[in-house]
Amino acid sequence: MKVAIYPGTFDPITYGHLDILRKATQIFDKVVLAVAEHTGKNTLFTTEERKQLCLEAVKGIDKVDVKSYNGLSVKFCRGINATHMIRGLRAVSDFEYELQIALFNKKLDQELETVFLIPDNKYLYLSSSMVRSVYELSGELQEFIPECAVKALNNKIGEKK
Ligand code: COA
């Protein structure tokens, strides 16, 4: 059984992430969408909220589990017997940063391979921070994030006002 993790902050999860996830399920027997607790980012949503949104968003996609984790991604990977890590590559600008993470992770765990997947064209420019800032300016987001994330952003940003 080939298991991969797809780690990220998912603050919040977008259709770009779900596109990568779907592609990964075509390659692996199981894909664990891994919601990282500590990423050095100041997140809008708590880990539990990000995880719940992911759980809601992946309904209907087979072969997917959602888990949150603390600490190193490679350690989490090993703990659940995953052999591969999925990362999305959206633009050339992602490459250097992703290469650095992949090589660093390889140094930490020789057995682990990183697999890069490219999202569909329409999601190439999408990022969670773009979603958050467009939302704050009252932009329309239905096209980019699942309904549950739209609702959660509504509540969260409503709370802040
Ligand atoms: N669609 C939409 N957005 C995408 C995307 C896609 N297909 N692929 C990436 N993104 C976005 C993310 O939402 C994120 O947006 P943001 O910065 O606006 O929030 C951005 O691209 C880049 O994300 P990045 O910071 O590279 O990764 P991440 O947030 O997805 O996750 C971890 C980073 C969790 C993988 C990394 O911090 C980690 O491994 N942390 C655990 C600790 C550890 O092991 N450290 C050692 C690693 S070297």
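Start at 1 and go down the list; that is how both ligands and their atoms are numbered.
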Original post:
Going by the ring pair (Phe, Tyr, Trp, His ring centres under 6.0 Å) test, which pairs reach into residues 26-56, not counting sequence neighbours?
Top reply: Phe28-His84

Original post:
Just by distance, do the side chain of Lys106 and the backbone of Leu112 share a donor-acceptor pair under 3.5 Å?
Top reply: yes

**OP:** Report yes or no: does a heavy atom of Gln100 sit under 4.0 Å from some atom of ligand 1?
**Re:** no

Original post:
At a 4.0 Å threshold, what atoms of ligand 1 neighbour a non-hydrogen atom of Ala36?
Top reply: 34 (C)

Original post:
N/O to N/O below 3.5 Å, does that happen between Tyr123 and ligand 1?
Top reply: no

Original post:
Is atom 12 (C) of ligand 1 less than 4.0 angstrom from some protein heavy atom?
Top reply: yes

Original post:
What do you reckon, is NZ of Lys63 surrounded by more than 12 foreign heavy atoms closer than 6.0 Å?
Top reply: yes

Original post:
Nearest protein heavy atom to atom 15 (O) of ligand 1, by residue and atom, and its distance?
Top reply: Ser128 N, 3.5 Å

Subject >> atom 47 (C) of ligand 1 [closest protein heavy-atom partner, distance rounded to 0.1 Å] >> reply: Asn105 OD1, 3.8 Å

Subject >> Per-atom contacts of ligand 1 with Ser127, taking only distances under 4.0 Å to non-hydrogen atoms >> reply: 3 (N), 15 (O), 18 (O)

Original post:
Is the closest heavy-atom distance from Asp11 to ligand 1 below 4.0 Å?
Top reply: no

Subject >> Selected option - heavy-atom contact closest to atom 40 (N) of ligand 1, from Ser73, Gly16, Gly8, Ser129 >> reply: Ser73

**OP:** List the closest protein heavy-atom neighbour of atom 48 (S) of ligand 1: residue, atom name, distance to the nearest 0.1 Å.
**Re:** Phe104 CD2, 3.5 Å

Original post:
If you count the atoms of ligand 1 from 1 in the order shown, which ones are under 4.0 Å from a heavy atom of Thr14?
Top reply: 1 (N), 2 (C)

Original post:
Is the shortest distance from a heavy atom of Tyr69 to ligand 1 less than 4.0 Å?
Top reply: yes

Subject >> Min N/O separation Leu72 to ligand 1 under 3.5 Å >> reply: no

**OP:** Note the single closest protein heavy atom to atom 4 (C) of ligand 1, along with its residue, its atom name and the distance in Å.
**Re:** His17 NE2, 3.4 Å

Original post:
Does at least one non-hydrogen atom of Tyr97 fall below 4.0 angstrom from an atom of ligand 1?
Top reply: yes

**OP:** Give the numbers and elements of all ligand 1 atoms closer than 4.0 Å to a heavy atom of Thr9.
**Re:** 28 (P), 29 (O), 30 (O), 31 (O)

**OP:** Considering the heavy atoms of Ile20, write down every atom of ligand 1 situated less than 4.0 Å from one of them.
**Re:** 7 (N)

Original post:
Could a heavy atom of Ala34 be found less than 4.0 Å from some atom of ligand 1?
Top reply: no

Original post:
Under 6.0 Å from the CD atom of Glu111, do we count more than 12 heavy atoms belonging to anything else shown?
Top reply: no

**OP:** Please answer whether the main-chain N or O of Met130 pairs with a side-chain N or O of Ser133 as donor and acceptor at a distance below 3.5 Å.
**Re:** yes

Which side-chain N or O atoms in residues 114-124 pair as donor and acceptor under 3.5 Å with protein atoms at least two apart or in another chain?
residue, atom, partner, partner atom, Å
Asp120, OD1, Lys23, NZ, 2.8

Subject >> Residues, nucleotides or ligands: over 12 heavy atoms within 6.0 Å of Gln110 CD >> reply: yes

**OP:** Let me know which of Lys51, Gln52, Arg50 forms a side-chain hydrogen bond (donor to acceptor under 3.5 Å, both in side chains) with Glu48.
**Re:** Gln52

**OP:** Verify, without hydrogens or angle tests, whether Glu56 (side chain) and Leu53 (backbone) share a donor-acceptor contact under 3.5 angstrom.
**Re:** no

Original post:
Going by the atom numbers of ligand 1, which of them fall below 4.0 Å from some non-hydrogen atom of Gly71?
Top reply: 41 (C), 42 (C)

Original post:
Are side-chain N/O atoms of Thr25 and Arg22 paired as donor and acceptor at under 3.5 Å?
Top reply: no

**OP:** Step by step, work out the side chain to side chain contact (heavy atoms under 4.5 Å, CB included) result for Ser129 and Arg132.
**Re:** CA-CA 5 Å; Ser129 50; Arg132 293 192 302 273; 3.3 Å; yes

**OP:** Can you pull out the closest protein heavy atom to atom 32 (C) of ligand 1? Residue, atom name and distance to 0.1 Å, please.
**Re:** Arg87 NH1, 4.3 Å

Original post:
Given Lys107, Lys41, Arg90, which one has a non-hydrogen atom that is nearest to atom 16 (P) of ligand 1?
Top reply: Lys41

Subject >> Shortest protein heavy-atom distance from atom 3 (N) of ligand 1, along with the residue and atom involved >> reply: Leu126 O, 3.3 Å

Subject >> Side-chain (Arg90) to main-chain (Leu126) donor-acceptor, under 3.5 angstrom >> reply: yes

Subject >> Chi angles and distances behind the side-chain hydrogen bond (donor to acceptor under 3.5 Å, both in side chains) call for Glu96, Gln100 >> reply: CA-CA 6 Å; Glu96 211 166 318; Gln100 196 183 0; over 6 Å; no

